[in-house]
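Chain A is the first sequence line, chain B the second, and so forth, proteins listed ahead of strands; every chain is numbered from 1.
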Protein chains: 2
Amino acid sequence: MATPLRVLVLAGGSGSRFWPLSRRDRPKQLLPFAGGASLLRRTLERLEPLSPASAVWVSTTVELRDAIARELPELPAERIVAEPEGRNTAPAIAWALARMPESGDASAVAVLPSDHHVADAGAFRAALAGAARTAEDRRCVVTLGVPPERAETGFGYLELAAAATDGLEAMPLERFVEKPDAATARAFAASGRHLWNAGIFVFAPEVLFAHLERHQPEIHRAVRAVRSGAGKLDSTAEERLYAELPAVSIDHGVMERLERGEVFTVPLRCGWSDLGSWEALAAVLPGDDSGNHRSGDVLALEARDNVLFADAGTIAVLGVEGLVVVRSGDAVLVVPRERSQEVRRIVAELTRASRRDLL
Amino acid sequence: MATPLRVLVLAGGSGSRFWPLSRRDRPKQLLPFAGGASLLRRTLERLEPLSPASAVWVSTTVELRDAIARELPELPAERIVAEPEGRNTAPAIAWALARMPESGDASAVAVLPSDHHVADAGAFRAALAGAARTAEDRRCVVTLGVPPERAETGFGYLELAAAATDGLEAMPLERFVEKPDAATARAFAASGRHLWNAGIFVFAPEVLFAHLERHQPEIHRAVRAVRSGAGKLDSTAEERLYAELPAVSIDHGVMERLERGEVFTVPLRCGWSDLGSWEALAAVLPGDDSGNHRSGDVLALEARDNVLFADAGTIAVLGVEGLVVVRSGDAVLVVPRERSQEVRRIVAELTRASRRDLL
């Protein structure tokens, strides 16, 4: 890669699964976890030198735009693209791609989540660079897939035509598979042909636009309107245009509709975690001799295998096992580790009760 | 009782078992639990009209004297008696009795803890009045005993010569029994002859002084010195005197040494709890349909049989059972209910670590 790989970072998520640490104005991608920098900041840091900040665009929401701009002061305002309203990833990605210079439409762009954990940044960049080469050489979409470390039922899978190799070889993607049941997940974990869908896509914009034209023609028309009217459409006109787009994810709306030979997968072996819940944080926070993963001022007596997180103040536990205990701001959360996905039910309940002070 | 029953309230305890709610400067007796008033304030309230504030003395420590005085502004300073240093209950009680007018030495004084819970104040006063009559008529010590509601191993027991009656009849006390093992506790709970020792004693000072003279002569001498030198001993002399007294409890130092006919027991049936731990608080805080006992802003989803206490902020739990979860000030505590007695181990650990900010 002589020129930097362009990157579009998706930073519009609300991340209610990390309540009470995550709040409306401080979603997961803006949180620091096992260190001082936010997940968004670390997403950018691990891209260098492959993709310096000058090659980065960010897609987010109107509500989060200012917070993102404060977190990434090196990005000029026009590269932080806010969806006029939340309409899922297909419109959001197209909207941001439409802001990139048309002259680059034949070279690859990587679309990345902003809230994942990567242990080995070098391996991450190598996979991304390999994916970009494939995307340009074969004029295809490339997905990144993580070889399963366990029979996980919480992820979608990428099913390959043949088992993935140990290197970075791009393999034809057979199909996207929804979150499996436990038995299927066990079969997937053993097959060699099934990788976790890391939600990372690499493609040249002209390739994606062609797919949009076929599978999401309304979105494609909107992209053309924005580009042809660059600087001419006022924000009200843009908002009206955006509000009419189908609210569909890039996965369902485009990727899953592609045919054999249009999508390839590059294996991603970099100590990846989607940090999808407090439970997933256990893999990132250092563990003590008793299997407790801690952050902040924590005292644990005869306690085992807990995730203990205090962003201020002190947590003291005695004799408990397998719990998530979080203290953040004015709220305390206690939930068994294996049910930490259900924290969103608490957020739903607080929303129902109009507890905006806690959201 | 024509004249009010005099009462000595013991309010020198530190109550580390309610950490993090209880702190150095805010021990258990100064905490409000299931209502607005502190346990100390409620101790005084439930005595009226039997013992109005004008008949109340309080024994406490130098450290707590000011806080107690603020909590009970109706008490004149001379009736809040501070131990010069902590030397257990026998010296503390004698020290306070020595401040009472000698003219009252033949009429009863009730010595009460300041940090217990009583559901039925009328029944409590009736038992106390009955005990006072017995103490004066028979010139004896009277203890109050709670008929066991369960095979409790956390209390000492009062063993009677015969089964207690349903009324307020004073029975001769056979012996004091230390905290029993589980099998013994089960036998006690079934015997009818074993009552929980509620730590309440009623006696005429002249009776107690006679027992002190025999069993704790140093303490008796100190009482006489204080009384004969009333207003003449300066505080340094008093402190020196006090520092040499044996640090012994009234139970071990006096009560357990008394002979048959010197101690009687009156049954106490008033919904009594010593509030000895967070677990005991479950009996006082209202329980919801799922057996959760709550105080403060608490959200519980699919959670059962927990004690959830927030003095500020919010606690949210999901899918947990049988836990104590407390948020107070800058600290969070999580411990299984059946181990809530061990909270003092956390306090010990914080003390060892010199975490005065949390003590």
Side-chain angles (χ1 to χ4, degrees), chain A residues 16-17 19-21 23 277-279 292 296-303 306-353 355 357-359, chain B residues 16-17 19-21 23 277-279 292 296-303 306-353 355 357-359:
Chain A
S16 61
R17 282 176 293 188
W19 188 88
L21 191 61
R23 305 284 177 110
S277 68
W278 284 109
E279 165 62 18
N292 295 309
D297 187 23
V298 169
L299 174 65
L301 295 181
E302 295 181 24
N306 303 286
V307 176
L308 306 167
F309 194 101
D311 73 347
T314 302
I315 292 173
V317 300
L318 184 150
V320 295
E321 195 172 330
L323 292 181
V324 170
V325 180
V326 181
R327 181 202 153 126
S328 179
D330 42 4
V332 173
L333 167 72
V334 184
V335 62
R337 280 176 64 169
E338 71 270 17
R339 298 188 67 176
S340 66
Q341 294 272 1
E342 297 178 50
V343 167
R344 61 178 79 182
R345 290 178 53 199
I346 291 175
V347 175
E349 186 65 26
L350 294 171
T351 305
R352 207 185 55 72
R355 290 297 302 270
D357 57 315
L358 291 170
L359 294 168
Chain B
S16 60
R17 283 176 292 187
W19 187 90
L21 190 61
R23 305 285 177 108
S277 67
W278 285 109
E279 164 61 17
N292 295 306
D297 188 23
V298 168
L299 174 66
L301 295 181
E302 294 180 26
N306 302 285
V307 176
L308 306 167
F309 193 103
D311 74 345
T314 302
I315 293 173
V317 301
L318 184 151
V320 296
E321 196 171 329
L323 292 180
V324 170
V325 180
V326 181
R327 180 201 155 128
S328 179
D330 42 5
V332 174
L333 166 71
V334 184
V335 62
R337 280 176 62 168
E338 72 270 17
R339 297 188 69 176
S340 67
Q341 293 273 0
E342 297 178 52
V343 167
R344 59 180 78 184
R345 293 177 54 199
I346 291 175
V347 175
E349 186 66 25
L350 294 170
T351 304
R352 209 187 52 73
R355 290 296 303 271
D357 57 316
L358 291 171
L359 293 169

So do the side chains of [X] and [Y] get within less than 4.5 Å of each other, counting heavy atoms only?
{"X": "B/Leu318", "Y": "A/Glu349", "result": "no"}
{"X": "B/Leu359", "Y": "B/Thr351", "result": "yes"}
{"X": "B/Asp297", "Y": "A/Asp330", "result": "no"}
{"X": "B/Trp278", "Y": "B/Leu21", "result": "yes"}

> Given the options B/Ile346, B/Val343, B/Val325, B/Ile315, which has more heavy-atom pairs under 4.5 Å with chain A than any of the others?
Replying inline: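 So the answer, after comparing B/Ile346, B/Val343, B/Val325, B/Ile315, is B/Ile346.
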So which part of [X] gets closer than 4.5 Å to some heavy atom of chain B, the side chain, the backbone, both or neither?
{"X": "A/Leu299", "answer": "side chain"}
{"X": "A/Leu358", "answer": "side chain"}
{"X": "A/Asp357", "answer": "neither"}

Measure [X] against the heavy atoms of chain A and call it side chain, backbone, both or neither at under 4.5 Å.
{"X": "B/Leu301", "answer": "side chain"}
{"X": "B/Asn306", "answer": "neither"}
{"X": "B/Arg355", "answer": "side chain"}
{"X": "B/Val317", "answer": "both"}

> For the side chain of A/Ser340 and the backbone of A/Glu279, is there at least one donor-acceptor N/O pair under 3.5 Å apart?
Replying inline: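 It does hold such a pair.
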>> Tell me whether B/Asn292 contacts the main-chain N or O of B/Leu308 through its side chain, where contact means a donor paired with an acceptor under 3.5 Å.
In response: no
> When only pairs under 4.5 Å are counted, which of A/Gly313, A/Ala353, A/Pro336 shares the most heavy-atom pairs with chain B?
Replying inline: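 The residue among A/Gly313, A/Ala353, A/Pro336 with the greatest pair count is A/Pro336.
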> With respect to chain B, which residue among A/Val335, A/Val326, A/Val324 yields the maximal number of heavy-atom pairs within a distance under 4.5 Å?
Replying inline: A/Val335
> Between A/Ala331 and A/Arg23, which heavy-atom pair has the shortest distance, and what is it?
Replying inline: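 Minimum heavy-atom separation between A/Ala331 and A/Arg23: CB-NH2, 3.6 Å.
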